[in-house]
Number of protein chains: 2
Amino acid sequence: MKLLSRQEEVVLLSIWKLKGNAYGVTVREYISEITGKYWSIGSIYVPLDRLVEKGLVTTYQGLPTKRRGGRSKRFYEITPEGMKVLAEMRQVQRILWKDFPEVTAENNK
Amino acid sequence: MKLLSRQEEVVLLSIWKLKGNAYGVTVREYISEITGKYWSIGSIYVPLDRLVEKGLVTTYQGLPTKRRGGRSKRFYEITPEGMKVLAEMRQVQRILWKDFPEVTAENNK
DNA sequence: TGGTTTTCTTCTATAAATTAGAGGATATCG
DNA sequence: CGATATCCTCTAATTTATAGAAGAAAACCA
């Protein structure tokens with residue numbers, strides 16, 4: 001299997017992080033918060049679909065809640081296969097980033 | 001600026017890691033070694049060109065060496081801007097991967 | 001109750017990045 | 001010079017990412 005793409009990595013990790021509360025809107029908010037960048041709706045939902053296709057996440061329809069309004073949520077959960085792929089991904093990253101210097105105030109003088 | 005794409009990250013880090021010995025062939029070998037996967041020639045050179053365009057690396061033509069054969073090498077070097085982008089990238093990754101569980105023999109039982 | 005508001009997703013067109021490898025350039029060896 | 005070795009250029013095809021309009025569905029409220 002190839003390496004995860006950037007968006008796949010970020011979205012998959014977000015789903016893992018959000019536990020039982022991962023759906024389109026929360027995933028998008030979370031990613032914006034972490035990265036400090038703007039992400040269009042499509043930048044979240046398109047990779048989400050692909051992760052489902054690949055079997056790295058499962059999805060199920062949420063039920064109406066007491067909160068006002070809203071189409072029902074589509075929740076996502078990471079699969080064991082998804083966890084495995086993330087673990088492999090991290091291994092590669094650790095080797096790649098090994099020894100990369102820390103940025104300190106000193107470096108920026 | 002957007003996040004680095006996966007290939008940009010991997011190639012850029014390889015250039016940094018290879019110091020004065022980063023050119024197409026060594027970068028490709030290095031990435032294969034680290035990831036354990038096959039990478040076509042184009043998967044290296046196309047992102048390399050883009051990194052140059054973006055100002056994250058510089059390039060210069062190498063001179064003939066004593067080793068047999070060969071078109072002269074095109075070397076690459078990371079720029080200060082490249083280092084900065086990598087440092088930002090790592091920040092994002094650290095937050096994303098924070099708390100992700102270690103894989104142990106125990107987990108796989 | 002029906003119009004309004006809110007929350008969230010679906011869909012799809014366009015742009016960008018990745019992948020693949022044939023082909024060619026250029027050097028040394030014998 | 002011919003054979004061989006090393007490395008790069010180029011571009012077509014595929015896959016991913018990006019954008020946001022449109023619409024679905026629930027609760028609110030006059």
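Hydrogens, waters and symmetry mates are skipped; everything else that's a heavy atom, side chains included, is used.
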**Student:** Please report the distance, rounded to the nearest Å, between CD1 in Ile31(B) and P in dT19(C).
**Tutor:** 10 Å

**Student:** Using a 4.0 Å heavy-atom cut-off, does Gly42(B) contact any base of the nucleic acid, only the sugar-phosphate backbone, or nothing at all?
**Tutor:** base

**Student:** Can you tell me which nucleotide in dC8(D), dA17(C), dT19(C) comes closest to the side chain of Ser40(B)?
**Tutor:** dT19(C)

**Student:** Less than 4.0 Å between a side-chain N and a carboxylate O, is that true for Glu53(A) and Arg50(A)?
**Tutor:** no

**Student:** Looking at Glu102(B) and Arg90(A), is any side-chain nitrogen of the basic one under 4.0 Å from a carboxylate oxygen of the acidic one?
**Tutor:** yes

**Student:** Any side-chain N or O of Arg28(B) below 4.0 angstrom from OP1/OP2 of dC8(D)?
**Tutor:** no

**Student:** Which nucleotide in the set dA17(D), dA24(D), dG20(D) lies at the smallest distance from any side-chain heavy atom of Tyr38(A)?
**Tutor:** dG20(D)

**Student:** If you check the Tyr45(B) side chain, which of dT18(D), dT18(C), dT9(D) turns out closest?
**Tutor:** dT9(D)

**Student:** Without decimals, in angstroms, what is the distance between Glu9(B) CD and dT16(D) C1'?
**Tutor:** 16 Å

**Student:** If only side-chain N and O atoms of Lys2(A) are considered, is one of them under 4.0 Å from the OP1 or OP2 phosphate oxygen of dT19(C)?
**Tutor:** yes

**Student:** So what does Ser72(A) touch, heavy atoms closer than 4.0 Å: a base, only the sugar-phosphate, or nothing?
**Tutor:** sugar-phosphate

**Student:** Roughly, in whole Å, what's the span from CG in Leu3(B) to P in dT16(D)?
**Tutor:** 18 Å

**Student:** Can you tell me the distance, in whole Å, between the CZ atom of Arg6(B) and the C1' atom of dA17(C)?
**Tutor:** 13 Å

**Student:** What orientation do Tyr60(B) and Phe75(B) show, parallel under 30°, tilted 30 to 60°, or perpendicular over 60°?
**Tutor:** parallel

**Student:** Find the distance Phe75(B):CZ to dT6(D):C1' and express it as a whole number of Å.
**Tutor:** 12 Å

**Student:** Looking at the side chain of Trp39(B), which of dT19(C), dT18(C), dA19(D) is the nearest nucleotide?
**Tutor:** dT19(C)

**Student:** How long is the line joining CG of Leu18(B) and C1' of dC7(D), in whole Å?
**Tutor:** 16 Å

**Student:** Nearest of dA17(C), dG24(C), dT10(C) to any side-chain atom of Lys54(B)?
**Tutor:** dA17(C)

**Student:** To the nearest Å, give me how far apart NZ (Lys73(B)) and C1' (dC8(D)) are.
**Tutor:** 12 Å

**Student:** Could you check how far CD1 of Ile44(B) sits from P of dC7(D), rounded to whole Å?
**Tutor:** 14 Å

